[in-house]
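FYI, side chains are in, hydrogens and waters are out, and symmetry mates aren't considered; it's all heavy atoms of this structure. The chain is numbered in sequence order, starting from 1.
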Amino acid sequence: MTDSHKTIEAVWKIESTRLIAAIARVTHDIGIAEELAQDALVTALELWPEEGIPRNPAAWLMTAAKRRALDFLRRGSMLVQKHEEITRELEFQQQQLADAMDQALDQVIDDDVLRLIFTACHPVLAVEGRVALTLRLICGLSTAEIARAFLVPEKTLGQRIFRAKKTLSEAHVPFETPRGDELRERVASVLSVIYLIFNEGYTATAGEEWMRAALCEDALRLGRMLVQLLPSESEVHALLALMELQASRSRARRGSKGEAVLLKDQDRSLWDDAQIRRGLAALGDAQRLGGGAKYYALQAAIAACHMRARTAEATDWERIVLLYDALMQISPSPIVALNRAVAVGMAQGPSAGLAAVDEIAADPALAGYHLLPSVRGDLLMKMGNFIQAYEEVQRAITMTQNVREQELLTERLK
């Protein structure tokens, strides 16, 4: 790969989201916007090796992409008003490509990026489509990269992205930032998509890796971006806090051979103190905005309890149980209840924890969830009931598709 091609690749990785967002503002179709942005990239690949890298590569790509958008609008059946709108923007940009105008342009582009995030995470799409489209358009990942991350065939992932774009187009989803109640509803959808991406990176559902660090980084980048774009939304700060705090343990979660290391066994000197401070600061921001008792803030507060304990024995499990109680009040779920049972087992003893687990064990939502037998096995082992514990851990091994988790559980059997 030549130096110019490396430069083009780097610029594209950084600028593609802003490029697609700006074009989508005038075409009102993110599928077409992505195609036009890709056309500009192809032009850069053809011209830059011959003519040299322009002084402002991002502005060059933006101008090239908007020229293609103008051609598209002229060829198509869109309103003349749209032609005039994009022509005015082009003329303005051509006159103002000097560095002095970059900041003003960025402010407009940031609004476009926010619109693009809300469009990619629109509730009209299936969750899988939202995740794939977000990684593609906002994080700049290729179809192949996303397919590898989620262990699905590239063709399947490509079809998922194609269907998502088609659904948005057919539903005539407006390219806009919602307001009022709709904003709050859509923020919840955006945050859930980012959290899904982070969780898949933090503990992979399947495959040979315990973590997929790149997905965690993509989710963190989205979270940091969203905090800049929506500074008054407490749950945006809270989700960022949760991800920063969880990610601060990344180095300690894997052994020298990539094996999984559980929280109680981690070398806490490997935790990232700077990231912990960022997470605690973001949690403080969420609480100051009045969101301390909301979903992500409570989870972040639980994570903060772990991060403040410099040894496993110093963990304030009683407070963690209370935080899970509050979480169950606002967002009850079998997973939250199972996590609460673990905390009860640590705070009040394994028999109390087992009783809490058995209260929810029959819930159909936990039928195929490997952590249910894993938790039961751990509690039974602490109670000295080794035969039943062995059976539960064996059952957990058959239910997980992650090789590192299988190794961890097999080691527990030994």
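- Taking 4.5 Å as the limit, every side-chain heavy atom of D112 sits out of range of all side-chain heavy atoms of R18.
- The two atoms that bring A293 and I330 nearest to each other are O-CD1, 3.4 Å, heavy atoms only.
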side-chain hydrogen bond (donor to acceptor under 3.5 Å, both in side chains) evaluation trace for T203 with R253: CA-CA 10 Å; T203 305; R253 293 186 75 233; 3.1 Å; yes

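- To the nearest 0.5 Å, the span separating CG on L36 from CZ on R67 amounts to 14.0 Å.
- Side-chain N or O atoms of T400 include none that pairs as donor or acceptor with a backbone N or O of I397 at under 3.5 Å.
- What you find for I146 and A132 is that their closest heavy atoms are CD1-O, 3.7 Å.
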side-chain contact (heavy atoms from CB on, under 4.5 Å) evaluation trace for L183 with E233: CA-CA 10 Å; L183 172 66; E233 292 288 327; 4.0 Å; yes

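- Residue pairs meeting the ring pair (Phe, Tyr, Trp, His ring centres under 6.0 Å) criterion with at least one member in residues 312-335, sequence neighbours excluded, are H306-W317.
- Ion pair R212/E209 not flagged as a salt bridge, since none of the NZ, NE, NH1 or NH2 atoms sits closer than 4.0 Å to an Asp/Glu carboxylate oxygen.
- Counting only residues at least two apart or on different chains, the side chain to side chain donor-acceptor pair (under 3.5 Å) pairs with a member in residues 327-348 are D325-R340.
- T27 places a side-chain N or O within 3.5 Å of a backbone atom of I23 that can act as its donor or acceptor partner.
- More than 12 heavy atoms of other residues, nucleotides or ligands sit less than 6.0 Å from atom CD of E259.
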Stepwise side-chain contact (heavy atoms from CB on, under 4.5 Å) check, E128 with V131: CA-CA 5 Å; E128 296 84 355; V131 169; 5.9 Å; no

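- Side chains of S269 and D267: a donor on one and an acceptor on the other come within 3.5 Å.
- Applying the salt bridge (charged side-chain N to carboxylate O under 4.0 Å, His left out) rule to E411 yields the partners K414; only residues at least two apart in sequence or on another chain are considered.
- Atoms CG and CG, from L191 and L230 in turn, are 8.5 Å apart once rounded to the nearest 0.5 Å.
- Counting only distance, with no hydrogens or angles, the side chain of S374 and the backbone of L371 share no donor-acceptor pair below 3.5 Å.
- A ring pair (Phe, Tyr, Trp, His ring centres under 6.0 Å) check over residues 202-245, counting only residues at least two apart or in different chains, returns the pairs F198-Y202.
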CA sep, side-chain torsions, deciding dist, call: E208, R404, side-chain contact (heavy atoms from CB on, under 4.5 Å): CA-CA 6 Å; E208 297 183 2; R404 297 299 185 180; 5.7 Å; no

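- In terms of heavy atoms, I30 sits closest to I20 at O-CG2, 4.5 Å.
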Test log, rule side-chain hydrogen bond (donor to acceptor under 3.5 Å, both in side chains), inputs S189 and R130: CA-CA 9 Å; S189 173; R130 291 182 224 172; 2.9 Å; yes

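- The heavy-atom pair separating A281 from R288 by the smallest distance is O-NH2, 4.2 Å.
- Side chains of Q401 and T205: no donor on one and acceptor on the other come within 3.5 Å.
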Worked verdict on L137 versus T17 for side-chain contact (heavy atoms from CB on, under 4.5 Å): CA-CA 6 Å; L137 298 178; T17 300; over 6 Å; no

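- Side-chain atoms of R308 and L280, non-hydrogen and from C-beta on, do get closer than 4.5 Å to each other.
- Put simply, CE on M211 and CZ on R249 are 10.0 Å apart, with the number rounded to the nearest 0.5 Å.
- Between T156 and R160, some side-chain heavy-atom pair lies under the 4.5 Å cut-off.
- For R186 and T177, the side-chain atoms include no donor-acceptor pair closer than 3.5 Å.
- Residue pairs meeting the ring pair (Phe, Tyr, Trp, His ring centres under 6.0 Å) criterion with at least one member in residues 247-304, sequence neighbours excluded, are Y195-Y296.
- Side-chain contact, T143 with E154: no donor N or O sits under 3.5 Å from an acceptor N or O.
- Side-chain N/O atoms of R268 and T311 include no donor and acceptor closer than 3.5 Å.
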Residue pair D273, R277: steps toward the salt bridge (Lys or Arg N to Asp or Glu O under 4.0 Å) verdict: CA-CA 6 Å; D273 287 333; R277 287 195 295 273; 5.3 Å; no

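- Atom CZ of R68 is surrounded by more than 12 heavy atoms from other residues, nucleotides or ligands within 6.0 Å.
- The two residues A40 and W60 make their nearest non-hydrogen contact at O-CZ3, 4.1 Å.
- No donor-acceptor pair under 3.5 Å is formed between the side chain of N385 and the backbone N or O of L380.
- By the 4.5 Å heavy-atom criterion applied to side chains, I387 and E391 are counted as neighbours.
- Expressed to the nearest 0.5 Å, how far CD of E46 lies from CG of L41 amounts to 10.0 Å.
- Legend: residues meeting salt bridge (charged side-chain N to carboxylate O under 4.0 Å, His left out) with R376, ordered by chain and number and at least two apart, are D358, E392.
- Using a 4.0 Å cut-off between a side-chain N of Lys or Arg and a carboxylate O of Asp or Glu, E176 and R115 do not qualify as a salt bridge.
- Contact detail for A260 and L408: the closest heavy-atom pair is O-CD1, 3.6 Å.
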Test log, rule salt bridge (Lys or Arg N to Asp or Glu O under 4.0 Å), inputs E244 and R278: CA-CA 7 Å; E244 295 277 18; R278 288 200 300 271; 3.6 Å; yes

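- Note that CD of E217 is 11.0 Å distant from CG of L222, once rounded to the nearest 0.5 Å.
- To the nearest 0.5 angstrom, C121 atom SG is 6.5 Å from I194 atom CD1.
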Pair E34-K165, salt bridge (Lys or Arg N to Asp or Glu O under 4.0 Å): steps then yes or no: CA-CA 10 Å; E34 188 185 15; K165 291 177 186 174; 2.3 Å; yes

